[in-house]
Engineer: 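The structure is given below, and queries will be raised subsequently.
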Amino acid sequence: MTTRVEALRAWMRQNGLSAYIIPSTDPHMGEYVPDHWKTREWITGFNGSAGTAVVTLTRAALWTDSRYWLAAEEQTAGTPFEVIRCSRNVATAEELKAWILQEPCGQVSANPWTLSRESAKEFEECFRGGDGKRFFTTHIPFDEITDEPLLDASLGMEGALWTDRPPLPASTIEVHPLELAGRMVAEKLVDTRAAIRQNGADALLVCQLDEIAWLLNLRGRDVHCTPVFVSYLVVRQQDAILYVNPSQVTPAVSAYLAANNILQQPYEAIGNDLFAHLPGVEVLQYDPSTTNDALGFAIASNEHIAFREAPSPIPPLRAIKNPVEIEGFREAMLRDGVAMVRFLRYLSETDGLTEISADRKLTSLRAEQPGFRDISFDTIAGYGAHGAIVHYEATPETDIPLEPRGLLLLDSGAQYDCGTTDITRTIPLGPLTDEERRDYTLVLKGHIRLATAVFPEGTTGTQLDVLARYAMWQEHKNYGHGTGHGVGSYLSVHEGPHQFRMNYVPAPLQAGMTVTIEPGIYIAGSHGVRIENTMLIGISPDPSPVREARWFCLEPLTLCPIDTRPIIREMMLADEIDYLNKYHARVREALMPLLHDDEDKAWLTQATTPF
């Protein structure tokens, strides 16, 4: 990493820069990015999904949130990067400025293709001098899209630093069939176009890959664990233009696109089209938080069109699952539950496992299920102290054996053709300390308290988040990550706009949304506990027929026993025990007919015995 940092500094000196900002994102502002755009990981050695790196001529630092504090410190040990702990998944412009200005500062820069338009404006304003002089510009030191027509000399590069950079992915695109998608592309486009018109525009630029995949009922394999393909989309009132690598489009997909009045252009043509002219477009809407600065600059420079900056209308449409998608989730959870039961029984009977071998066994059992496509994220199998690393991922260097004591935190999921799963179980492997049992019980109480919430229409996840934290707060314990996120329908395992989170998220919870509940407690150097189910928001029966407001409740979709052995019974309330027993009865009823091994059935019967 030292050699790479020095190479970047040499490039910076050639271009008159004193600081360079390297975010984690790609040109599509995705959370999970193809290897081609993992520039921050390449230069820091830190492989978490969130973080911001800055290199000056004398120092280097990495900002990341509480999910990755321990992992980042381990992975950057011995490199020029110091880890700065921040409270959110990206550092703010003010935070970076305060650190950068600890030494004399001149020009500050970043890559316009991997920085959002919104962030670029924030940096530009933040680093503007009192005399109005701009101290923030955009440059590309890495081997980006060097033949992009939009780029002029000021955005170019003197030479590639990343000489062995992986190529752009180019997986074959597939149609996600209507019997799994539940709604036709034409129907989704009608809703999207109506939302565009409400914002005073006649076209929409879509940059996020999961939005494009959902809207067009298409799937790919360009991103690890997420079935999307690299592309851009412009939705006009009568048609749409998909900017994609032609080699990824089969004749069948090409015919499908034509049948839905979706034109095709090469992926790299997007910059020139936005900069020059888009026929049939007078006012183009784009989301500055999910559109990269290079394209945002092109739109602002286009003399032929006006533009509207507004949030994309697609996430709120996508978040409410249709009946076919909901049934797909239920089917996916049945398949996943079978795999989880078989794995947990295997774990209870098998000695000599390590974190990695346990992960591989679970993946192999999932792969035996019908419709399995991939895992939905890299499995977190953290034993003992590794469980305190919120997003720990075992490597050959960190892999440790599972011993007959302590806790194993196992956070995993799968992509099935009908739905996406995300589940965490914390499993006792033998005797536990009093602290481990107490923390386990506090987390379970928080999970159940939120899972049993009934709330009126208009409620946000922020308003409910405290329910999951209340019991542990009374013990002065807390966790830094969000309590829950939306889950895609055979798409991204992390899906907005709604969340359970302490900091304010304005999106109201609505019937048909999926959302996880995953509180946790993490004790550095000792253990971690997290219990997670994926839930469906439904309409709660109201005993009063005169009320006008709708009330919502949460139904668990995940089907897998929650281990009762670590629970301190005296800490549990009667309604919490009742919920747990009813949940286990439901798990047993759903999964027992799908298990064919008598020993698996016996294990499930024991694991779901009333507490």
Side-chain angles (χ1 to χ4, degrees), residues 32 35 38 41 47-49 71 74-75 171 221 223-227 332-417 419-430 490 493 518 527-532 534 558-561 563 591 594-597 599-600 603-604 607:
Y32 300 107
D35 291 343
K38 291 183 178 178
E41 179 180 334
N47 65 2
S49 66
E74 287 185 4
Q75 293 177 9
S171 67
R221 292 179 178 269
V223 176
H224 179 53
C225 299
T226 307
M333 298 298 172
L334 287 170
R335 301 174 190 176
D336 214 53
V338 169
M340 285 294 300
V341 165
R342 294 179 63 197
F343 170 79
L344 290 172
R345 179 204 148 202
Y346 171 85
L347 179 66
S348 69
E349 299 174 347
T350 307
D351 297 326
L353 293 175
T354 69
E355 293 168 327
I356 289 180
S357 64
D359 171 12
R360 288 173 177 166
K361 179 63 177 180
L362 176 54
T363 300
S364 71
L365 291 171
R366 282 189 164 119
E368 294 177 12
Q369 294 300 309
F372 175 83
R373 294 291 182 263
D374 199 351
I375 55 176
S376 56
F377 57 95
D378 288 316
T379 299
I380 300 168
Y383 171 63
H386 285 167
I389 304 173
V390 180
H391 274 204
Y392 171 76
E393 182 184 343
T395 66
E397 293 74 30
T398 67
D399 187 29
I400 57 175
L402 307 184
E403 301 178 14
R405 59 181 176 83
L407 295 170
L408 170 66
L409 190 157
L410 187 66
D411 189 346
S412 64
Q415 296 284 6
Y416 299 97
D417 57 1
T420 302
T421 68
D422 186 3
I423 174 177
T424 307
R425 292 293 182 264
T426 302
I427 307 147
L429 301 183
Y490 184 37
V493 73
E518 48 183 307
H527 63 274
V529 178
R530 186 162 64 250
I531 298 171
E532 175 188 18
T534 300
T558 302
L559 297 168
C560 178
D563 209 305
L591 297 184
L594 304 177
L595 296 171
H596 305 298
D597 187 309
E599 293 189 31
D600 287 337
W603 184 93
L604 179 61

Engineer: Is S364 reaching over with its side chain to a backbone N or O of K361, donor-acceptor style, under 3.5 angstrom?
Structural biologist: yes
Engineer: Does any part of the side chain of R342, heavy atoms only, come nearer than 4.5 Å to the side chain of W603, both counted from C-beta?
Structural biologist: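 They are not in contact (no side-chain heavy atoms under 4.5 Å apart), so the answer is no.
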Engineer: Which heavy atom in A414 sits nearest to a heavy atom in F372, and how many Å separate them?
Structural biologist: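 Closest approach of A414 to F372, heavy atoms only: CB-CE1, 4.0 Å.
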Engineer: Can you tell me how far CG of D422 sits from CD of E532, rounded to the nearest 0.5 angstrom?
Structural biologist: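 Atom-to-atom, E532:CD and D422:CG are 3.5 Å apart.
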Engineer: Suppose we screen for salt bridge (charged side-chain N to carboxylate O under 4.0 Å, His left out). Which residues come up paired with E403, at least two apart in sequence or across chains?
Structural biologist: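 In terms of salt bridge (charged side-chain N to carboxylate O under 4.0 Å, His left out), with neighbours along the sequence ignored, E403 is linked to R405.
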Engineer: Please report the interatomic distance CD(E393) to CD(Q75), rounded to the nearest 0.5 Å.
Structural biologist: 8.5 Å
Engineer: Might you work through the side chain to side chain contact (heavy atoms under 4.5 Å, CB included) test for R345 and D597, ending with a clear yes or no?
Structural biologist: CA-CA 11 Å; R345 179 204 148 202; D597 187 309; 3.6 Å; yes
Engineer: Is a donor on one side and an acceptor on the other found under 3.5 Å between the side chain of S357 and the backbone of L353?
Structural biologist: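 No: the side chain of S357 does not pair with the backbone of L353.
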Engineer: For a 4.5 angstrom cut-off between non-hydrogen side-chain atoms, does L595 reach V338?
Structural biologist: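 Yes, side chains in contact.
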Engineer: Can you tell me how far CD1 of I380 sits from NE2 of H391, rounded to the nearest 0.5 angstrom?
Structural biologist: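 Answer for the NE2-CD1 pair, H391 versus I380, is 4.5 Å.
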Engineer: What do the steps show when you test F343 against L410 for side chain to side chain contact (heavy atoms under 4.5 Å, CB included), and what is the final call?
Structural biologist: CA-CA 11 Å; F343 170 79; L410 187 66; 3.4 Å; yes
Engineer: To the nearest 0.5 Å, what is the distance between CG on D35 and CD on E41?
Structural biologist: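 Going from the CG atom of D35 to the CD atom of E41 covers 7.5 Å.
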Engineer: Quick check: does any side chain N or O of T398 sit under 3.5 Å from a backbone N or O of A394, one acting as donor and the other as acceptor?
Structural biologist: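 No; judged by distance alone, with no hydrogens or angles, the pair does not exist.
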Engineer: Can you find a heavy atom in the side chain of S412 that is under 4.5 Å from one in the side chain of I375?
Structural biologist: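 SC-SC contact between S412 and I375 ruled out.
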Engineer: Measure the shortest side-chain to side-chain distance between V341 and L559 over non-hydrogen atoms and say whether it is less than 4.5 angstrom.
Structural biologist: no
Engineer: Are any non-hydrogen side-chain atoms of R373 and D417 less than 4.5 angstrom apart?
Structural biologist: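 R373 reaches D417 side chain to side chain.
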Engineer: Give me the atom names and distance for the closest heavy-atom approach of Y32 to V223.
Structural biologist: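 It is O-CG1, 3.3 Å.
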Engineer: Could you pull out the closest heavy-atom pair between G528 and L407, with the gap in Å?
Structural biologist: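 Minimum heavy-atom separation between G528 and L407: O-CD1, 4.2 Å.
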Engineer: If you compare all heavy atoms of C560 against all heavy atoms of R425, which two are closest, and at what distance to 0.1 Å?
Structural biologist: O-NH2, 2.9 Å
Engineer: Using a 4.5 Å cut-off on heavy atoms from C-beta on, say whether the side chain of D563 contacts that of P428.
Structural biologist: yes
Engineer: Which one of T420, D374, T421 satisfies the side chain to side chain donor-acceptor pair (under 3.5 Å) criterion with Q415?
Structural biologist: T420
Engineer: What pair of heavy atoms forms the shortest contact from E355 to Y392, and how long is it?
Structural biologist: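 Reported closest heavy-atom pair: OE1-OH, 2.6 Å.
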Engineer: Less than 4.5 Å apart, side chain to side chain, heavy atoms only: is that true for T354 and I400?
Structural biologist: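 Side chain of T354 against side chain of I400, heavy atoms only: no contact under 4.5 Å found.
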Engineer: Applying side chain to side chain contact (heavy atoms under 4.5 Å, CB included) to V390 and R530, what does each step give before you reach the verdict?
Structural biologist: CA-CA 9 Å; V390 180; R530 186 162 64 250; 3.9 Å; yes
Engineer: Starting at CD1 of I356, measure out to CG of D399 and round the result to the nearest 0.5 Å.
Structural biologist: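 The CG atom of D399 is 4.0 Å from CD1 of I356, to the nearest 0.5 Å.
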Engineer: Kindly indicate whether the side chain of L591, heavy atoms from C-beta on, has any atom under 4.5 Å from the side chain of M340.
Structural biologist: no
Engineer: How long is the straight-line distance from CG of L604 back to CD of E599, given to the nearest 0.5 Å?
Structural biologist: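 Taking CD in E599 and CG in L604, the distance rounds to 14.0 Å.
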Engineer: Step by step, work out the side chain to side chain contact (heavy atoms under 4.5 Å, CB included) result for H527 and T426.
Structural biologist: CA-CA 10 Å; H527 63 274; T426 302; over 6 Å; no
